[in-house]
Number of protein chains: 2
Amino acid sequence: MGYMNRASADEPRWLNDEEQRTWQAYLHATTLLDDHLDRQLQRDAGMPHIYYGLLVKLAAAPQRRLRMTELAMESKITRSRLSHAIARLEKNGWVRREECPSDKRGQFAVLTDAGYEVLRRTAPGHVTAVRQALFDRLTPEQQKSLGEIMEIIAEGLQPKEAGADLPWLR
Amino acid sequence: MGYMNRASADEPRWLNDEEQRTWQAYLHATTLLDDHLDRQLQRDAGMPHIYYGLLVKLAAAPQRRLRMTELAMESKITRSRLSHAIARLEKNGWVRREECPSDKRGQFAVLTDAGYEVLRRTAPGHVTAVRQALFDRLTPEQQKSLGEIMEIIAEGLQPKEAGADLPWLR
DNA sequence: TCGGGAAGGTTGAGACTTCAATCATCACTC
DNA sequence: GAGTGATGATTGAAGTCTCAACCTTCCCGA
């Protein structure tokens, strides 16, 4: 059951053996990599991978600041999740909130110097971890292929149509 | 910072532009797909994706039962996480625990009829969701490539050596 | 300009995960 | 057969995420 291989009239198209293998491999790889990087960063930077990603986005943004919804969108998460995360990072002194002059509802998340420093200190170790787990194991063709595939999947999950169920609009 | 493109003496090999794009695409796709399937299953089956996966493993196992550590290993998660999860699924009546006769420390997680029924009822919708998000969007070559790549990554993250930091041995 | 819906963001409760500590049993050795 | 370390599994607390409810401000048409 689940992804079984069967065949009958009005039944859904179950995954065949190869598809099941591919899907299992996907689940295994993503689960393990997620766990691996979360652990690496928790140990070396004191925060989970997704939080680290937030700091990276802020560091790359003009003025090292981003509107909350924009940051949520770039990170593919909900605004609620982001609110909680920023609250935690603020407590650490790595991010600070600033009001938006042009829209009084708006808030900026701003990377502090301390936040930048954490990034500066831990980025080398993290990029190494990513290389070891991913890039170092794949041929250039596989890297290219992976990029294309992941872009297709990501695109498919964020349709342009109005009313789409996107995390940052939830 | 984070995956910046720089060059100097003893600095780590930062990700180049294409690598950064690939990595971003990977993060976006996995985050969105995880969210998407979690939501689909929470809505239709009343449990998160990983819990659903546990039921699927049990359904496929002989006697519809698996030792805790074995189930954790197949699911790539920690035993602690599994303990909590099984406790919840037990409360739902979808899984029951049984002692292991040959090793009094051991426990079996056993899929109940009610658990099997949930699977029977929700599997079609789930496999459809997976197809729509993943397989339907990829060419056969891309599917093959994805499977190979993910197997490489998964393999790389579970080294055979003793002392490896594997979730289910934590 | 008033009213109502949409957009930006936060909050608290409950659900889930992590981490370290714990307990019981097993396997091995002397 | 007693001691010791390893294995199988659980627990509770703290951290994180989801969901729904909420508040404020903006937008826009009547």
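Letters A, B, ... mirror the listed sequences (proteins, then strands); counts begin at 1.
- Within a 6.0 Å sphere centred on CZ of R21(B), other residues, nucleotides and ligands contribute 12 heavy atoms or fewer.
- Both I153(B) and L27(A) are members of a single hydrophobic cluster when ILVMFWY side chains are connected at heavy-atom separations under 4.5 Å.
- Hydrophobic clustering, with ILVMFWY side chains joined whenever heavy atoms are under 4.5 angstrom apart, groups L33(A) together with L138(A).
- Atom-to-atom, CZ of R43(B) to P of dC19(D) comes out at 11 Å; the value is rounded to the nearest Å.
- Nearest nucleotide to the R67(A) side chain, out of dT10(C), dG9(C), dT10(D): dG9(C).
- The distance from atom CG of N92(A) to atom C1' of dG15(D) is 12 Å, rounded to the nearest whole Å.
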Item to check | D35(B) and R81(A): CA distance, side-chain angles, deciding distance, salt bridge (Lys or Arg N to Asp or Glu O under 4.0 Å) verdict | outcome: CA-CA 12 Å; D35(B) 175 83; R81(A) 184 176 181 181; over 6 Å; no
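- Judged by the 6.0 Å distance and 45° axis criteria, R64(B) is positioned over the aromatic ring of Y116(B).
- Side chains of T30(B) and T30(A): no donor on one and acceptor on the other come within 3.5 Å.
- Hydrophobic clustering (side-chain heavy atoms under 4.5 Å, transitive across Ile, Leu, Val, Met, Phe, Trp, Tyr) groups V95(A) together with L119(A).
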Item to check | L54(B)/L82(B) under side-chain contact (heavy atoms from CB on, under 4.5 Å): CA gap, chis, key distance, verdict | outcome: CA-CA 9 Å; L54(B) 297 175; L82(B) 180 61; 3.8 Å; yes
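- To the nearest angstrom, P of dT10(D) lies 18 Å from CH2 of W168(B).
- Summarising the geometry, the separation between CG on D34(A) and P on dT16(D) is reported as 14 Å, rounded to the nearest angstrom.
- One interatomic measurement links the two molecules: CG of L71(A) to C1' of dG9(C), which rounds to 13 Å at whole-angstrom precision.
- Across the protein-nucleic acid pair, D165(A) atom CG and dC19(D) atom C1' stand 12 Å apart, rounded to whole Å.
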Atom pairs under 3.5 Å: protein N/O with N/O of nucleotides 13-18 of chain C:
residue, atom, partner, partner atom, Å
dC16(C), OP1, R88(B), NE, 3.2
dC16(C), OP1, R88(B), NH2, 2.8
dC16(C), OP2, R88(B), NE, 3.2
dT17(C), OP1, R81(B), NE, 3.1
dT17(C), OP1, R81(B), NH2, 2.6
dT17(C), OP2, Y51(B), OH, 3.1
dT18(C), O4, H84(B), NE2, 3.0

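- Atom CZ in R79(B) sits roughly 9 Å away from atom P in dT7(D) (whole-Å rounding).
- Within the nucleic acid shown, S83(A) comes within 4.0 Å of at least one base atom, counting heavy atoms only.
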Next on the checklist: Applying salt bridge (Lys or Arg N to Asp or Glu O under 4.0 Å) to E117(A) and R120(A), what does each step give before you reach the verdict?
Outcome noted: CA-CA 5 Å; E117(A) 173 56 24; R120(A) 198 193 56 66; 2.8 Å; yes
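- Within the structure, a side-chain polar atom (N or O) of R97(B) is placed less than 4.0 Å from OP1 or OP2 of dT10(D).
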For nucleotides 21-25 of chain C, which of its nitrogen or oxygen atoms have a protein nitrogen or oxygen under 3.5 Å away, and what is each distance?
residue, atom, partner, partner atom, Å
dT25(C), O2, R105(B), NH1, 3.3

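- Classified by interplanar angle (parallel below 30°, tilted 30° to 60°, perpendicular above 60°), the ring pair W23(B)/H49(A) is parallel.
- Between the P atom of dA14(D) and the NZ atom of K91(A) lies a distance of 13 Å, rounded to the nearest Å.
- Within residues 157-164 of chain A, no residue places a heavy atom under 4.0 Å from DNA chain D.
- Counting only distance, with no hydrogens or angles, the side chain of E18(A) and the backbone of K144(B) share no donor-acceptor pair below 3.5 Å.
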